[in-house]
Each structure stands twice: as structure tokens, then as C-alpha cells.
Amino acid sequence: MPRWWLWLFNITIVFGLVYLAIFPGLGNIAGLVGWTQESQYENEMAAAAEAQEAVFARFRDMTPEQLIADTEAREIGGRLFGNNCAMCHGSDGRGARGFPNLTDDAWQWGGSWDQVVATLTNGRQAAMTPFGAVLGEEGVRNVVAYVQQISGQKADPEM
């Protein structure tokens with residue numbers, strides 16, 4: 001066997017031992033730097049929440065009518081709709097096979113602002129899963145504004 005294979009083997013063993021000493025990898029031993037995947041996840045989620053707060057802060061106190069009239073809110077709602085709703089309701093909101101068309105005015109659970117918010121937040125008995133935790137309060141408001149805009153309905157929270 002070539003001598004450099006032996007050196008490479010020894011280097012990989014030393015690297016493995018150093019890695020296990022620095023990072024957690026031996027059961028309950030935390031490692032020298034104290035890194036955990038939970039702390040990394042929490043840091044990344046806090047950074048994402050901070051970035052989202054900067055985007056959604058201006059929409060928090062808007063009325064439904066103001067949200068529908070705001071181009072940026074509709075664009076955000078459209079992106080959220082595309083990421084979370086389009087797989088069932090279609091990218092244009094016309095519904096896929098077996099899923100409701102959101103562009104007409106015949107809505108099974110009602111099309112008022114509060115009814116659509118309730119549907120998104122809590123889901124419905126059929127195949128509609130709740131999206132309140134996924135989208136957050138501002139995301140739900142933006143998606144409702146977008147859905148009501150594509151259906152041609154006027155946002156009226158008093159309906």
C-alpha cells in the first residue's frame with residue numbers, strides 16, 4: 001500500500017476526533033462550541049420573523065378596503081396564494097378538479113371578509129386545511145384581499 005494512503009487515513013481519523021470534540025456527536029456530550037441544531041433553528045426563525053415584521057408592519061392597521069386597494073398587499077397576497085393555495089385552487093384561482101373556483105361569486109362557505117378569514121384560519125370540514133399558523137395574521141389578511149380581488153368581490157367586513 002502506498003504510504004500516502006496511510007497518512008490520508010490517519011488525517012481522517014484525527015479530523016473525525018476533532019470534529020466530535022468540537023460539535024455534539026457523542027450522545028449527551030454537548031461539544032466545545034455548544035452548537036445545537038435547535039439553537040440554529042431558533043436563530044434562523046427569529047431572523048425570519050424580524051424580516052417579515054418589516055414587510056407586514058404597514059398592513060397591520062389597514063382596513064380590508066385599504067388592503068384590497070393597496071397594490072403591494074395584493075402582490076404579497078398573490079405570492080402567498082401561489083405558494084399555499086394554488087396546488088388546489090389553481091394558479092389563477094379557477095379551481096382544480098374537485099376544488100372550488102374562487103373567481104366566481106358562488107362560494108360554498110360564503111365570500112365575505114370574515115367568512116374567508118375564518119376559512120383560511122381554521123380550515124373547513126372538507127379538504128381545506130387550516131392556514132392560520134402557516135400564513136400568520138397579516139398573511140391571512142393579504143390572501144383574503146387577493147382572493148376577494150380575483151373574485152371581483154368588494155371587501156366588506158360587515159357582511
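One is the number of the first residue; the rest follow in order along the sequence.
Distance check: L20 CG to F15 CZ gives 9.5 Å after rounding to the nearest 0.5 Å. Taken from CG in L135 to SG in C85, the straight-line distance is 6.5 Å, to the nearest 0.5 Å. Residue L26 holds its CG atom at 9.0 Å from CG of L17, rounded to the nearest 0.5 Å.
With H89 contributing its side chain and F99 its backbone, the two residues share no donor-acceptor pair below 3.5 Å. Looking only at distances, no side-chain donor or acceptor of Q148 sits under 3.5 Å from a matching main-chain atom of A145. Without hydrogens or angle criteria, S39 side chain to T36 main chain gives a donor-acceptor distance under 3.5 Å.
Other residues, nucleotides and ligands contribute more than 12 heavy atoms inside 6.0 Å of the CZ atom of R60.
Every residue was checked against the salt bridge (charged side-chain N to carboxylate O under 4.0 Å, His left out) condition with E137, not counting sequence neighbours, and none meets it. Shown here are the side chain to side chain contact (heavy atoms under 4.5 Å, CB included) partners of A47, two or more places apart in sequence or in another chain: there are none. Listed by chain and residue number, F59, L67, D70, N142 satisfy the side chain to side chain contact (heavy atoms under 4.5 Å, CB included) test with A73 (two or more places apart in sequence, or in another chain). Qualifying ring pair (Phe, Tyr, Trp, His ring centres under 6.0 Å) partners for Y19, counting only residues two or more places apart in sequence or in other chains: F23. With sequence neighbours left out, Q40 forms a side chain to side chain donor-acceptor pair (under 3.5 Å) with W35, E44. By the side chain to side chain donor-acceptor pair (under 3.5 Å) test, N101 is found to be paired with T103, residues two or more places apart in sequence or in another chain being considered. Residues satisfying the side chain to side chain contact (heavy atoms under 4.5 Å, CB included) criterion with T129, sequence neighbours excluded, are F131. Take F9 and apply the ring pair (Phe, Tyr, Trp, His ring centres under 6.0 Å) test, not counting sequence neighbours, and it matches no residue. Applying the ring pair (Phe, Tyr, Trp, His ring centres under 6.0 Å) test to F81 and every residue at least two apart in sequence or in another chain returns Y146. Scanning for side chain to side chain contact (heavy atoms under 4.5 Å, CB included) contacts around E42 gives an empty result, with sequence neighbours left out.
The two atoms that bring A86 and G82 nearest to each other are CB-O, 3.5 Å, heavy atoms only. Considering every non-hydrogen atom in both G93 and I150, the closest pair reads CA-CD1, 4.1 Å.
V143 is connected to V55 through a chain of hydrophobic side-chain contacts under 4.5 Å among Ile, Leu, Val, Met, Phe, Trp and Tyr, so both are in one cluster. Both W5 and L8 belong to a common hydrophobic cluster when Ile, Leu, Val, Met, Phe, Trp and Tyr are linked at side-chain heavy-atom distances under 4.5 angstrom. The hydrophobic clustering, which links ILVMFWY residues whose side-chain heavy atoms are closer than 4.5 Å, places W7 and M1 apart. Placement of M87 and M128 in two distinct hydrophobic clusters is found when ILVMFWY residues are connected by side-chain heavy-atom separations under 4.5 Å, directly or transitively. Residue L120 is grouped with residue V134 when hydrophobic side chains (ILVMFWY) are merged at heavy-atom distances under 4.5 angstrom, including chains of intermediate members.
Among pairs with a residue in residues 71-87, those fulfilling salt bridge (Lys or Arg N to Asp or Glu O under 4.0 Å) read R58-E72, at least two apart in sequence or across chains. A salt bridge (Lys or Arg N to Asp or Glu O under 4.0 Å) check over residues 87-97, counting only residues at least two apart or in different chains, returns the pairs D92-R94.
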Item to check | Intermediate values then yes/no, side-chain contact (heavy atoms from CB on, under 4.5 Å), M62 and E138 | outcome: CA-CA 10 Å; M62 287 185 166; E138 296 306 310; over 6 Å; no
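Counting heavy atoms from C-beta on, the side chains of R141 and V117 never come closer than 4.5 Å.
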